[in-house]
Amino acid sequence: MIVRIATEGQYEVGEGDVPALEQLDNEAVAACEAGDEQRFNDTFTRLIEFVRDKGQPVPEDRLDPSDVIFPPADVSFEEAKAEFSGEGLIPG
Amino acid sequence: MPGLSGRMSTVIKAKISKLLDRAEDPSETLEYSYQKQIELLQNVKKGIADVVTSKKRLQLQEQKLRDQVVKLDTQARQALAAGNEDLARTALERKNVAQTELQSLDSQIGQLEQQQEQMTASEQKLRAKIEQFRSRKEVIKAQYSAAEAQVRISEAATGVGEEMADVGLAMQRALDKTENMKARADAVQELEAAGTFEDLTQLGAGEDDIDRQLRELSSGSEVDAELARMKVELGTGSKSAGELGAGGDAAAPASQPAEAEQAGPSQGQAP
């Protein structure tokens, strides 16, 4: 699966690592919805580290679109909340 | 995948389709997309130049402040040597403000350097994608039938479009941060230009954290401590300051307990 960390780049993440990534993603959303900034920051940092750690950077001359895109690593809690405000979460 | 990534993907994909919807037939999509890529690359270059300009400006300001710190320190010493403690205190307060400002400038310059690196990396990545797109564009034009070409074009355009949207986002974030710093740098420079940096009492309420820091510092013990240090330093040269006499007296009794302590262990060893 190709995962992009916005403003950073694309990583190829093995299928075996996808469930763990989904788990972290859901935790980050839950923390965000609960208004728990500390927990959001912790979880989101772990998520980004997970992608950087488990993923292989996609070569620059490949032109494939990403399967999923995560917000930038330096996203603030306010920005993350804004992603969900109004329309709420977009289902899968 | 739902969640953060789902939302983010949707936002980016909406941007891409907006980007590509403009053209109607495949070859037009190709040319339009390519033209947009080149424009974006130019913008990234401009953005990098912007960040570099801001950084240079902050570095200039930093140098001025360093000079000011040295100058104010000298002035404080001169005032103290002339017996004008109030003046010395004022000079030290100003020096403290300048030092605080220096620290903040340091970290801002560091941030700008990071942004410059990040944008340069983005530029290189985008350049590689554009190059790839360009060669694929020629292949598609030459080798595929209209129906096939449409599919291939849409794939390639989506890939490069995502990179474009992402570079656009990176640039926007970097420039937002730079704007904030510029605004602050402008405020400081205005203060300097108006001479208000020389006269701290003119910095009234309603300003940013510089003012808060100013107020904290002017009443702070840092200035007292530095003044005391300076007095001791200067005092060793001239005996005119009254407090120094007391310091000399205090030193004398201190040698007696030290002698008593030395005697201690030898007594303990005797039995």
Side-chain angles (χ1 to χ4, degrees), chain A residues 1-11 13 18-33 40 43-44 47-48 50-51 57-77 79-92, chain B residues 1-17 20 33 37 44 111 114-115 118-119 121-137 139-140 152-174 176-177:
Chain A
M1 187 171 81
I2 298 183
V3 174
R4 179 184 286 278
I5 300 175
T7 77
E8 185 174 318
Q10 291 175 309
Y11 294 85
V13 174
V18 171
L21 191 59
E22 274 176 351
Q23 170 75 19
L24 281 170
D25 190 15
N26 290 335
E27 278 177 35
V29 174
C32 199
E33 282 179 326
F40 171 78
T43 314
F44 189 65
L47 188 154
I48 294 291
F50 185 86
V51 175
V58 172
E60 290 186 353
D61 59 359
R62 256 177 77 180
L63 274 182
D64 298 325
S66 310
D67 296 298
V68 297
I69 302 171
F70 285 106
D74 66 348
V75 75
S76 71
F77 184 59
E79 284 171 328
K81 271 201 297 192
E83 283 285 309
F84 302 115
S85 66
E87 310 166 59
L89 287 176
I90 303 289
Chain B
M1 194 146 104
L4 273 180
S5 57
R7 179 82 184 112
M8 194 73 197
S9 309
T10 308
V11 171
I12 297 243
K13 285 191 175 114
K15 278 190 188 172
I16 299 168
S17 59
L20 299 178
S33 173
Q37 291 161 32
V44 174
Q111 281 176 41
Q114 269 185 347
Q115 275 170 29
Q118 205 189 4
M119 284 172 80
S122 289
E123 191 208 343
Q124 278 163 6
K125 222 184 288 176
L126 183 64
R127 197 186 287 280
K129 299 262 183 204
I130 290 177
E131 187 46 41
Q132 182 62 24
F133 183 83
R134 197 183 60 82
S135 59
R136 203 173 294 189
K137 175 167 85 102
V139 171
I140 291 169
R152 306 269 166 183
I153 286 162
S154 137
E155 278 170 11
T158 308
V160 81
E162 185 184 306
E163 193 65 33
M164 287 165 72
D166 200 46
V167 169
L169 182 66
M171 204 166 62
Q172 185 197 318
R173 288 176 78 79
D176 280 355
K177 284 184 196 161

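Within every chain, numbering begins at 1; the chains are lettered A, B, ... in the order of the sequence lines, protein sequences first and strands thereafter.
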How close do A:P72 and B:L169 get, heavy atom to heavy atom, and via which atoms?
CG-CD2, 4.4 Å
Minimal heavy-atom distance between B:E162 and A:I69, with the atoms involved, is CD-CD1, 4.0 Å
Salt-bridge test for B:E163 and A:R4: reply yes if a basic N is under 4.0 Å from a carboxylate O, no otherwise.
yes
Test: A:E8 and B:K125 ion pair at under 4.0 Å
no
Where on B:R127 is there a heavy atom nearer than 4.5 Å to chain A: the side chain, the backbone, both, or neither?
neither
Heavy-atom cut-off 4.5 Å, strictly under: side chain, backbone, both or neither for B:V167 against chain A?
neither
Which atoms of [X] approach chain B - backbone, side chain, both or neither, heavy atom under 4.5 Å:
X     : result
A:D74 : both
A:L24 : neither
A:Q10 : side chain

Quick check: do A:E60 and B:E131 have side-chain heavy atoms less than 4.5 Å from each other?
no
Flag the one option from A:S66, A:P59, A:G9 with the top tally of heavy-atom pairs under 4.5 Å to chain B.
A:S66
Closer than 3.5 angstrom, by distance alone: can the side chain of B:K129 be matched with the main-chain N or O of A:L63 as a donor-acceptor pair?
no
